[in-house]
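Notes follow the structure.
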Amino acid sequence: MNFTSPIMPANKKYFSSPWQRLLKITAGFIGGYILTQSFFMFFIQIYKDAGSLITLQFAGFILWAALLVIAFLAKNGFKIWGLYLLLTAFFALLIYFIP
């Protein structure tokens with residue numbers, strides 16, 4: 001009897017280096033969290049409603065999870081870090097300049 005697996009091994013061209021994997025993981029967790037917080041701080045700055053804070057906590061978790069997935073879909077970890085930091089800086093500037 002031949003007990004070989006019918007599943008083919010993964011194609012090597014789809015593997016990323018350990019550094020790219022580390023960059024994507026940190027961009028997803030840390031960068032996504034920072035971007036989510038800066039976006040919702042900007043949102044709270046515009047709508048100064050205390051009742052919206054509870055809703056924003058749930059929406060923030062959903063956005064953070066989506067940014068985590070997006071980080072893994074990117075091909076380059078440096079680019080996704082750059083994008084997340086650029087968007088975070090953009091929202092931070094908006095927070096600073098909105099009275």
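Residue numbers start at 1 and run along the sequence shown. All values derive from a computational prediction rather than experimental measurement.
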If you look at every heavy atom in [X] and [Y], which pair is closest and at what distance?
{"X": "I95", "Y": "M41", "answer": "CD1-CB, 3.6 Å"}
{"X": "T88", "Y": "L35", "answer": "OG1-CA, 3.5 Å"}
{"X": "A71", "Y": "I80", "answer": "CA-CG1, 3.9 Å"}
{"X": "Q20", "Y": "K75", "answer": "OE1-O, 3.9 Å"}

Can [Y] be reached from [X] by stepping across I, L, V, M, F, W or Y side chains whose heavy atoms are under 4.5 Å apart?
{"X": "L63", "Y": "L68", "result": "no"}
{"X": "L85", "Y": "F78", "result": "yes"}
{"X": "L94", "Y": "L83", "result": "yes"}
{"X": "L87", "Y": "W64", "result": "no"}
{"X": "I46", "Y": "F90", "result": "yes"}

> Would the number of heavy atoms belonging to other residues, nucleotides or ligands and lying under 6.0 Å from CZ of F72 be above 12?
Replying inline: yes

>> Nearest 0.5 Å, please: how far is OH in Y84 from CD1 in I70?
In response: 5.0 Å

> Rounded to the nearest 0.5 Å, how far apart are CG of L93 and OG of S38?
Replying inline: 10.5 Å

>> Can you list, by chain and residue number, the hydrophobic cluster partners of V69 when the side-chain cut-off is 4.5 Å?
In response: L73

>> Under a 3.5 Å distance rule, please check whether K79 uses its side chain to pair with a backbone N or O of A74 as donor and acceptor.
In response: no

>> Exactly one of L86, I30, N76 should register a side-chain contact (heavy atoms from CB on, under 4.5 Å) with W81. Which one does?
In response: I30

> Are F29 and Y33 close enough that their ring centers fall under 6.0 Å?
Replying inline: no

> Using 30° and 60° as the class limits, which term best fits the ring planes of F40 and F43: parallel, tilted or perpendicular?
Replying inline: perpendicular

